[in-house]
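These numbers come from a predicted model, not from an experiment.
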Amino acid sequence: MIFSPDWVGKKILKVRNVEILVPVAPNAPRIYRNENVAISISDSRVVFDMRKFSDECVKRTEDMACSVLNELFHTPISAVGVNFGFKEDEPGENVLKLFESPDDTSISSSKWQVEHKKLSRRLKQDNTILNLTFLKSDGVLDIDANFHADVKSATEATSVIESKALEMKANLLDLLKSVYSLKLKDKCDGD
């Protein structure tokens with residue numbers, strides 16, 4: 001596998017020493033990380049997870065992903081995505097209304113209790129696909145957003161994400177504010 005500790009340190013993380021989390025389960029990904037990014041490597045995918053959430057980390061992570069795509073331009077690739085996640089502890093009434101279902105009363109009458117509700121949307125704007133998911137559990141709202149693109153090559157994947165992750169984040173925050181009145185802020189190290 002090309003993703004050796006030495007290669008990941010030199011080519012992706014740009015550090016001499018790399019922290020490695022080796023899985024116990026046979027098919028679980030190997031994880032390389034530093035203080036800003038965790039890179040999960042499995043047989044079929046490479047995932048870059050930001051450990052801090054700031055514009056600087058978004059840009060750095062995007063650069064790392066593009067670096068891998070450029071280094072491995074000959075590797076077959078079928079899709080690329082940029083994901084963002086938020087947690088809203090006190091969602092507004094307009095968002096909570098989305099989770100009201102006509103069968104809530106019937107479920108309660110049948111002595112069942114709804115523990116969480118999920119609402120998913122697939123949105124399209126020009127050539128951009130946004131998979132947006134809301135999960136409500138115990139009054140807390142988890143928001144997962146995936147900007148997805150089917151691609152035919154690493155070069156095409158690079159063109160989809162290069163210099164665009166911060167724009168995707170801004171467009172997502174604008175959508176969440178204008179449609180759902182959510183004003184989410186960057187969180188860095190739990191701040």
Is the number of heavy atoms from other residues, nucleotides or ligands within 6.0 Å of [atom1] ([X]) greater than 12?
X: E90; atom1: CD; answer: no
X: D103; atom1: CG; answer: yes
X: K11; atom1: NZ; answer: no

Can you find a pair of side-chain heavy atoms, one from [X] and one from [Y], that are under 4.5 Å apart?
X: F99; Y: K118; value: no
X: D104; Y: K117; value: yes
X: L98; Y: Y180; value: yes
X: L132; Y: I143; value: yes
X: L119; Y: L135; value: no
X: V140; Y: E88; value: no
X: R122; Y: I129; value: yes
X: M50; Y: N36; value: no

Using only atom types and a distance under 3.5 Å, with no angle test, would you say the side chain of [X] pairs donor to acceptor with the backbone of [Y]?
X: S67; Y: D63; value: no
X: D174; Y: A170; value: no
X: K164; Y: S159; value: yes

_Intermediate values then yes/no, side-chain contact (heavy atoms from CB on, under 4.5 Å), F84 and M168_ = CA-CA 9 Å; F84 296 99; M168 291 176 194; 4.2 Å; yes

One thing to verify: whether [Y] and [X] come together as a salt bridge, which I'm taking to mean a side-chain N less than 4.0 angstrom from a carboxylate O.
X: E62; Y: K59; value: yes
X: D55; Y: K169; value: yes
X: E35; Y: R51; value: no
X: D43; Y: R30; value: no

*Residues S40, D49; criterion side-chain contact (heavy atoms from CB on, under 4.5 Å); working and verdict*: CA-CA 8 Å; S40 302; D49 287 315; 4.2 Å; yes

*Least distance between heavy atoms, A79 atom then H148 atom*: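 For A79 versus H148, the nearest heavy atoms are CB-CE1, 3.6 Å.
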
*Just do the side-chain contact (heavy atoms from CB on, under 4.5 Å) check on V68 and F3 with the steps written out, would you?*
CA-CA 10 Å; V68 168; F3 291 96; 4.0 Å; yes

*Could you point out which residue of D142, L176, D144 forms a side-chain contact (heavy atoms from CB on, under 4.5 Å) with F134?*
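That would be L176.
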
